[in-house]
Structure formats: C-alpha cells, structure tokens
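The analysis underlying the following values was restricted to heavy atoms, covering all of them including side chains, and did not include hydrogens, waters or symmetry mates.
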Amino acid sequence: MVAYGGISSLSLSPSPCFSSLPYLRRRCFSTRRTFALMAGLGDDPVRDWILSEGKASKITRISPVGGGCINRASRYDTDAGSFFVKTNRNIGPSMFEGEALGLDAMYKTRTIRVPQPFKVGSLPTGGSYIIMEFVEFGASRSNQSVLGRKLAEMHKAGKSEKGFGFDVENTIGSTPQINTWSSDWIQFYGEHRLGYQLKLAQKQYGDSTIYQKGQRLIQKIAPLFENIVIEPCLLHGDLWSGNITYDKNGEPVILDPACYCESLWLCHIILWKGQPTICIFPFHIVST
C-alpha cells in the first residue's frame, strides 16, 4: 500500500447507520454537501489538491489507466506517492460522491482492501473528478479463498442499524440506484431494486407486458420469506470479476462499488454465480 503521510480522510459528518462502523459518515443529496466540492485554486483542481492537501511538492508524471468505459482514469505520480484520478466531463459530482461514500464505508471496516478515497470535486469547465489511493496491482488471482473470507468479514462488520438502503443514492455502472432506507427488505427489494429496474425497462422499451408480470412477481415475494429473519449488511453492490483484482502482494482488492445495505441471504444467492468453490466455501464458513 502506498503511504500518504499527513493526508486527511474525507470530511464527513457522523452517522448512526452502522453500529460496527463508528467512523462511517452520512451524506444525503438533499442536505448539505459533506464532500468539499471546489472550483479549485487554479484551472486544475486535481493538481491543486495533490500539491496542497496531498502533501506533494511536484507531480512527476501523469499517465492514462485503461479498463473503464464511463470515466477517464489517470495515474498521478508525485514525490509523495501515486494517486488514482477519475474524471468525467459530462456528469456532475454526485456519481463520484456515491462511489466515495461506498469506498469509505468499506475501507472503514478494516477487512478487505479497497482504494481509500480522498477528494471529490467539480471541474471548472464542467464535469467532476475523484482522487483516491493508487493501488499497485499484481498479476495473480490465486487468493480466491482469502477473497471469500474477507468479503464475509466485511459483511459481518457492516451490519446496519437503519435497515436496508444507504445514506446516498449511487449508480451501478451509469444506471441510477435508489437507496432510500427501509426497515422492510421485501419492500426495499420490491420497490427500489426489482421494481425500479422494471420501470426503467418499461420506459426504455415500452414493454408493458414484462412490467405487469414483474409486478405480479413482486407481490409473490413476501410469502416466500415468512418467518425468515433477514439482516441488512454492507455490500459492495456491483461485485463482478471486473471489479475484483489483487495487489502486488496477492491480497484481494475490490473496486468501483455501488454500496448499500442488503440481505446477506441475497448475497449468498447472487454474488457467487460463476465464482470458484474455493472462494465460496470460506465465505459461507465466516458469514454463517
């Protein structure tokens, strides 16, 4: 891990959302911004932050990083270490704010490694950016069992006192994800997950038949879970192979979250589709 001496973490206000995440901070789009959004000291707010709060005195190299299709990604090498920066010229800071809150929530569990987020802001010519820790990736994907164990530890550490949802709306890819809090998982899943996707599909394709069938399905969910206790816990939210990697020491790293608090039961069913058994087995051992 690259050490950034003296760099302060995100400035966020306290939240009672997670009993085992005492440092998680709350931010809602309808209230004051807790990520400081700045126009910057000059024409380049990313450079300004790195050379001030980032504790660097010079930027030695800026190089593009591939892999994404929504945002532009760059590595900033400095005399204080390296930073990972994503920018988007067409979208305001709300998308990166949601990502940063999710990264921060997972980072504070001290379980699985995630890039530590440092700054979210607006670009003076339009768009937004996020600055985070640069993680040096390795070539190996050998620690599948460690991945399963650490994810389970994160889920257990991230139990939610507020129910199902998250303190901020975010995006899964470029699709908005509604995270309004609910104490009822059936209501949350039916309205904000399956129901919301059905509405998007109807709006885009005009297929009312699928929408109506989906609504009938939602009405049939509740009887399937009678007398079952469903506990909300912190999930990555968009965990597929492209968002899982390993650092140079072979430790698993998860990226690009769309975090929210969801049923761990649902995580058991969906999360591991296509994952090797060596990863699934320790996940179930730790989480049960």
Subject >> Heavy-atom check, side chain of Gln202 versus side chain of Ser208, under 4.5 Å >> reply: yes
Original post:
Got a sec, which residues hit side-chain contact (heavy atoms from CB on, under 4.5 Å) with Leu198, two or more places apart in sequence or on another chain?
Top reply: Leu194, Ile210, Tyr211, Gln215, Ile218
Original post:
Side chains of His192 and Gln177: does their closest heavy-atom pair fall under 4.5 Å?
Top reply: no
Original post:
About how many Å separate CG of Leu235 and OG of Ser263, when rounded to the nearest 0.5 Å?
Top reply: 8.0 Å
**OP:** Step by step, work out the side chain to side chain contact (heavy atoms under 4.5 Å, CB included) result for Glu153 and Ile112.
**Re:** CA-CA 8 Å; Glu153 290 172 352; Ile112 192 167; over 6 Å; no
Original post:
Do the non-hydrogen side-chain atoms of Cys261 and Lys162 ever get within less than 4.5 Å of each other?
Top reply: no
Original post:
For Asp207, what residues pass the salt bridge (charged side-chain N to carboxylate O under 4.0 Å, His left out) criterion, not counting sequence neighbours?
Top reply: none
**OP:** Kindly indicate, with the supporting measurements, whether the criterion side chain to side chain contact (heavy atoms under 4.5 Å, CB included) is fulfilled by Phe166 and Leu234.
**Re:** CA-CA 9 Å; Phe166 201 53; Leu234 178 66; 4.2 Å; yes
Subject >> Test item: Ser128 side-chain N/O and Ile91 main-chain N/O as donor-acceptor pair under 3.5 Å >> reply: yes
Subject >> Cation-pi check, Arg193 onto Tyr260 ring (under 6.0 Å, within 45° of axis) >> reply: yes
Subject >> Non-hydrogen side-chain atoms of Phe84 and Val135 separated by less than 4.5 Å >> reply: no
Original post:
Less than 4.5 Å apart, any side-chain heavy atom of Lys150 and any of Ile254?
Top reply: no
Original post:
What is the distance from atom CE of Met132 to atom CG of Leu103, rounded to the nearest 0.5 Å?
Top reply: 5.5 Å
Subject >> Close side-chain approach of Pro232 to Phe188, heavy-atom, < 4.5 Å >> reply: no
**OP:** Taking the side chain as every heavy atom from C-beta outward, state whether Asn88 and Met95 have any atom pair closer than 4.5 Å.
**Re:** yes
Original post:
Between Phe118 and Trp49, what is the ring plane arrangement, given parallel below 30°, perpendicular above 60°, and tilted in between?
Top reply: parallel
Subject >> Sequence neighbours excluded - side chain to side chain donor-acceptor pair (under 3.5 Å) pairs with any residue from residues 56-67 >> reply: Ser57-Asp79
**OP:** Answer with yes or no whether the side chains of Trp185 and Glu262 bring together a donor and an acceptor at under 3.5 Å.
**Re:** yes
**OP:** May I ask you to decide whether Lys156 forms a salt bridge with Glu231, counting only side-chain N to carboxylate O separations under 4.0 Å?
**Re:** no
Subject >> Residues clustering with Leu200 (ILVMFWY side chains joined when closer than 4.5 Å, directly or via others) >> reply: Ile178, Tyr196
Subject >> OG1-CG distance between Thr125 and Asp44, expressed to the nearest 0.5 angstrom >> reply: 9.5 Å
Subject >> With Arg89 via salt bridge (charged side-chain N to carboxylate O under 4.0 Å, His left out) - residues at least two apart >> reply: none
Original post:
Would you find a donor on one side and an acceptor on the other, under 3.5 Å apart, between the side chain of Asp247 and the backbone of Val253?
Top reply: no
Original post:
Among all residues two or more places apart in sequence or in another chain, which pass the side-chain contact (heavy atoms from CB on, under 4.5 Å) test with Asp256?
Top reply: Lys86, Glu99, Asn243
